[in-house]
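Quick note on labels: first sequence line is chain A, next is B, and so on, each numbered from 1.
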There are 2 protein chains.
Amino acid sequence: MEYIIGTQAVSTRDIVYRSLKNQILLLELPPGTSISEKEISLKFNVSRTPVRESFVRLAQEGLLDVYPQRGTVVSLIDSGLVEEARFMREHLERAVMREACSSFQAKHLIDLKANLDKQRLCIEDQDYKEMFMLDEEFHHLIFTGCSKKNTWEVVQQIKVHLNRSRMLKLTADHNWEHLYQQHYCLYEAIQTHDVSQGDHMMQEHMALTIADQEMLMEKYPQYYK
Amino acid sequence: MEYIIGTQAVSTRDIVYRSLKNQILLLELPPGTSISEKEISLKFNVSRTPVRESFVRLAQEGLLDVYPQRGTVVSLIDSGLVEEARFMREHLERAVMREACSSFQAKHLIDLKANLDKQRLCIEDQDYKEMFMLDEEFHHLIFTGCSKKNTWEVVQQIKVHLNRSRMLKLTADHNWEHLYQQHYCLYEAIQTHDVSQGDHMMQEHMALTIADQEMLMEKYPQYYK
DNA sequence: ACTACCATACTACCATACAAGTATGGTAGT
DNA sequence: ACTACCATACTTGTATGGTAGTATGGTAGT
């Protein structure tokens with residue numbers, strides 16, 4: 001029996017993988033937590049095989065550290081890696097933004113405007129959960145609008161290392177109005193093909209996501225290495 | 001019994017993984033080749049388990065396509081992905097280069113110069129295999145010299161998608177002298193803290209690695225999708 | 001000759017058993 | 001009281017058998 005979502009079959013392995021990844025990124029499995037294949041297999045009521053294969057994937061992404069014959073732990077947050085992830089993301093987003101200001105497909109510009117309008121509504125309705133989704137989608141649209149789908153995927157992968165820090169920060173202090181203003185400026189830069197303005201705005205925009213690592217490391221030393 | 005290289009234990013899985021990855025990148029397993037867990041396990045005289053776990057890793061890196069209950073094939077080269085990989089690599093290398101021109105640790109500058117001197121020797125000796133290694137090491141030193149070790153790892157991962165195309169090109173047409181000149185200019189830019197010159201030189205340097213995708217796709221259509 | 005069907009031989013997926021290394025707590029000897 | 005040792009209960013690594021879905025080639029029926 002196969003459950004199909006889109007064109008992707010959902011295997012037991014994928015279910016375990018996605019669930020574990022979610023729990024790690026949401027800090028429900030905090031950095032440093034010891035987990036074993038057997039423990040997880042019992043929790044999901046499956047055998048060790050799909051669990052092991054999930055471990056292999058998560059270890060490759062740097063979210064698990066597997067010590068043969070000793071155990072497996074949720075990886076501690078590597079502050080150096082977080083800083084470099086921020087660095088990589090900034091420069092890739094800016095490079096894509098400059099590309100977008102040079103050439104952007106018209107139909108995607110419409111989608112971008114539609115997304116902005118929805119953001120406007122979300123702020124009025126104070127629906128910040130939806131606003132979070134729209135923020136993600138806004139950036140995604142910029143990537144797809146200038147044919148950088150794979151680059152988006154890489155950025156997503158890189159962002160994994162930022163997410164746990166951002167989660168620690170409990171980002172309730174977002175200034176959504178400011179966020180919207182920046183998004184609007186980015187949109188205008190693309191529309192008017194103003195490369196230097198677009199680059200400048202994206203640089204400012206990226207600066208928003210800087211989490212104060214040192215403060216976090218002091219507050220949660222057990223989560224960092 | 002454990003064989004230790006450095007601090008890394010070598011498991012059967014790692015042996016299989018590295019061997020398969022090598023064969024794929026060297027095109028000994030050409031794009032489109034069907035392989036099965038059983039076939040590989042027989043070839044390496046191991047069980048299917050470590051082979052499967054290698055497949056999981058290689059699939060995650062985009063080198064294998066696994067179709068449940070149908071089979072596994074070495075992935076076809078995705079020309080769009082190759083182009084974006086080139087895009088990402090260029091912008092990350094340039095960003096790191098600008099950083100290097102701003103601040104570079106003195107001891108690493110010495111290593112960089114030593115590497116250059118070795119390149120000089122290799123060209124005189126026409127030792128192009130060693131020269132290839134030194135080229136890689138030169139770029140690696142730039143990354144480590146401004147504390148961008150993790151960024152180097154990401155670039156290496158991205159470059160996987162460029163390597164098969166470069167292998168097809170059978171890069172015997174390298175102009176090593178020109179390569180050396182460019183490396184020397186990069187070194188000078190770092191030494192003199194000339195950011196704009198460094199950025200410009202790296203942009204030129206990256207342009208060298210552009211493989212003519214369209215020509216390759218015409219010549220080897222069966223390897224592309 | 002052509003088509004529909006089915007047996008068979010694949011495939012990857014999952015469960016389970018065993019192997020080998022490691023941490024731990026108790027016990028015997030000093 | 002303290003130390004060295006060892007049984008035991010963990011851990012991940014590997015091998016293997018069974019399951020379910022899929023491709024394929026032969027065969028019976030038209």
Side-chain angles (χ1 to χ4, degrees), chain A residues 1-21 24 29 31-76, chain B residues 1-21 23-24 29-76:
Chain A
M1 183 161 47
E2 292 262 334
Y3 296 91
I4 305 288
I5 295 179
T7 58
Q8 190 71 30
V10 174
S11 61
T12 303
R13 179 177 65 207
D14 288 337
I15 294 172
V16 174
Y17 167 74
R18 276 183 268 206
S19 176
L20 283 177
K21 186 166 178 175
I24 293 172
L29 288 172
T33 306
S34 287
I35 60 177
S36 74
E37 297 171 359
K38 187 163 191 179
E39 168 197 353
I40 303 298
S41 68
L42 289 175
K43 192 189 297 187
F44 284 90
N45 198 29
V46 297
S47 76
R48 277 179 51 215
T49 303
V51 173
R52 266 185 69 76
E53 291 171 0
S54 297
F55 278 24
V56 169
R57 294 186 63 181
L58 292 167
Q60 185 152 345
E61 297 185 69
L63 293 176
L64 288 183
D65 293 326
V66 177
Y67 302 99
Q69 274 72 50
R70 299 182 57 185
T72 300
V73 298
V74 178
S75 69
L76 296 175
Chain B
M1 183 163 46
E2 293 260 334
Y3 296 93
I4 305 287
I5 296 180
T7 59
Q8 189 71 31
V10 174
S11 62
T12 302
R13 179 176 67 208
D14 288 337
I15 293 172
V16 173
Y17 166 74
R18 277 184 270 210
S19 175
L20 284 177
K21 186 166 178 175
Q23 290 185 55
I24 292 172
L29 288 173
T33 307
S34 287
I35 59 178
S36 72
E37 297 171 1
K38 188 164 189 179
E39 169 197 352
I40 303 298
S41 68
L42 288 175
K43 192 189 299 187
F44 284 90
N45 198 29
V46 297
S47 75
R48 298 189 329 262
T49 304
V51 174
R52 265 184 69 75
E53 292 171 359
S54 296
F55 278 22
V56 168
R57 294 185 64 180
L58 291 167
Q60 185 153 343
E61 296 186 70
L63 293 175
L64 288 184
D65 293 326
V66 177
Y67 302 99
Q69 274 71 47
R70 298 181 60 184
T72 300
V73 298
V74 178
S75 68
L76 296 175

What I'd like to find out is whether the side chain of [X] reaches to under 4.5 Å of the side chain of [Y], using heavy atoms alone.
| X | Y | result |
| --- | --- | --- |
| Y67(B) | T72(B) | no |
| F44(B) | T12(B) | no |
| I15(B) | V10(B) | yes |
| L58(B) | Y17(B) | yes |
| L64(A) | V73(A) | no |

For the backbone of V16(B) and the side chain of S19(B), can you confirm whether one donor and one acceptor N or O come within less than 3.5 Å of each other? no

Where protein sits on nucleotides 11-17 of chain D, one letter per nucleotide: B base, S sugar-phosphate only, - none, heavy atoms under 4.0 Å: BBBBBBB

For D14(A) and dA12(C), give me the distance from atom CG to atom P, rounded to whole Å.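 For the pair D14(A) CG and dA12(C) P, the rounded distance is 16 Å.
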
Can you give the dot-bracket line for DNA chain D, using ( ) for pairs inside the strand, [ ] for pairs that cross earlier ones, | for pairs with another strand and . for unpaired bases, where Watson-Crick and G-U count if both distances are under 3.5 Å? ||||||||||||||||||||||||||||||

Salt bridge check, R57(B) against D14(B): does any charged N sit closer than 4.0 Å to a carboxylate O?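 Salt bridge between D14(B) and R57(B), a charged N being under 4.0 Å from a carboxylate O: yes.
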
Let me have the donor-acceptor pairs involving side chains of residues 46-53 of chain B, under 3.5 Å, with sequence neighbours excluded, atom names and distances please.
unit_1 : atom_1 : unit_2 : atom_2 : d
S47(B) : OG     : T49(B) : N      : 3.4
R52(B) : NE     : E53(A) : OE2    : 2.8
R52(B) : NH1    : E37(B) : OE2    : 2.8
R52(B) : NH2    : E53(A) : OE1    : 2.9
R52(B) : NH2    : E53(A) : OE2    : 3.1
E53(B) : OE1    : R52(A) : NH2    : 3.1
E53(B) : OE1    : R13(B) : NH1    : 2.8
E53(B) : OE2    : R52(A) : NE     : 2.8
E53(B) : OE2    : R52(A) : NH2    : 3.3

